[in-house]
Student: 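Have a look at this one before I ask anything.
Just so you know, these numbers use all the heavy atoms, side chains as well, and skip hydrogens, waters and symmetry mates.
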Amino acid sequence: QQQREVHRREVVDGGMATRPESIDEFAEKVKQLYESDPAKVRFVLKYKHAEGSLTLRATNDELWLIYKTDQIAEMRRLEAVHLWLLAAMCDTTPEGLADASQDAGPQQDAAEHGRRRGKKGRRKQQAAAS
């Protein structure tokens with residue numbers, strides 16, 4: 001683990017990591033990074049509840065893009081960037097992802113309905129039916 005920390009410092013100190021000043025600049029650079037070579041891009045979203053901060057990192061092992069915020073408005077914009085990236089990885093649009101998740105809803109409910117229940121679950125179900 002100590003070796004891992006040293007590597008992180010080398011990457012950041014080596015000039016490979018960039019921290020864009022604005023959320024718009026970060027979003028644009030993430031899109032450019034993904035479009036340059038989609039197979040190499042990794043994206044990490046990390047939320048720290050104690051700090052109330054959200055950190056996003058995108059990398060292709062040559063360039064690191066890091067953006068950290070504790071502002072709600074920026075978190076919503078970062079969520080939009082994350083949704084765009086997921087849609088691009090699935091070869092669809094963000095609207096297509098929303099439609100697909102709505103279509104999957106009834107199937108998930110049906111799967112949960114068919115799930116076996118233990119004694120407590122049966123008792124609750126019988127009590128609710130009474």
Student: Name all residues meeting the side chain to side chain donor-acceptor pair (under 3.5 Å) criterion together with T69; count only those two or more places apart in sequence or in a different chain, and write none if there are none.
Tutor: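 For T69, the residues satisfying side chain to side chain donor-acceptor pair (under 3.5 Å) (neighbours in sequence not counted) are E74.
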Student: So, taking the atom named CD in E79 and the one named CG in L54, what distance separates them when rounded to the nearest 0.5 Å?
Tutor: 9.5 Å
Student: Run L78 and F26 through side chain to side chain contact (heavy atoms under 4.5 Å, CB included) and show every step you take.
Tutor: CA-CA 9 Å; L78 289 174; F26 177 78; 3.9 Å; yes
Student: Out of the candidates R57, K29, Q32, only one should pair with L65 under the side-chain contact (heavy atoms from CB on, under 4.5 Å) rule; please name it.
Tutor: K29
Student: Excluding sequence neighbours, so at least two apart, what forms salt bridge (Lys or Arg N to Asp or Glu O under 4.0 Å) with D61?
Tutor: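 Counting only residues at least two positions away or on another chain, D61 forms a salt bridge (Lys or Arg N to Asp or Glu O under 4.0 Å) with R42.
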Student: Looking at every heavy atom in both G52 and M75, which two are closest together, and how far apart are they?
Tutor: O-CE, 3.2 Å
Student: When you compare the side chain of L33 with that of L63, does any pair of heavy atoms fall below 4.5 Å?
Tutor: yes
Student: Start with the C-alpha gap between I66 and T18, add the side-chain angles, then the distance that decides, and say whether side chain to side chain contact (heavy atoms under 4.5 Å, CB included) holds.
Tutor: CA-CA 6 Å; I66 303 170; T18 59; over 6 Å; no
Student: Output, in order, the C-alpha distance, side-chain angles, deciding distance and verdict of side chain to side chain contact (heavy atoms under 4.5 Å, CB included) for T55 and Y67.
Tutor: CA-CA 6 Å; T55 304; Y67 194 82; over 6 Å; no
Student: Is the shortest distance from a Lys or Arg side-chain nitrogen in R19 or E25 to a carboxylate oxygen in the other one below 4.0 Å?
Tutor: no
Student: Identify the heavy atoms of M89 and Y34 that sit nearest to each other, and give their distance.
Tutor: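 Taking every non-hydrogen atom into account, CA-OH, 3.4 Å.
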Student: Name the atoms and distances for all side-chain donor-acceptor pairs under 3.5 Å in residues 43-50, with sequence neighbours left out.
Tutor:
none

Student: Below 4.5 Å, heavy atoms only, C-beta onward: do V81 and R77 meet side chain to side chain?
Tutor: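 In short, these two side chains do not touch, never coming nearer than 4.5 Å.
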Student: Quick one: does any side-chain atom of D24 pair with a main-chain N or O of A27 as donor and acceptor, under 3.5 Å?
Tutor: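 A pair under 3.5 Å: no.
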Student: Run the side chain to side chain contact (heavy atoms under 4.5 Å, CB included) check on D37 and N60 step by step: do they pass?
Tutor: CA-CA 8 Å; D37 191 1; N60 64 356; 5.8 Å; no
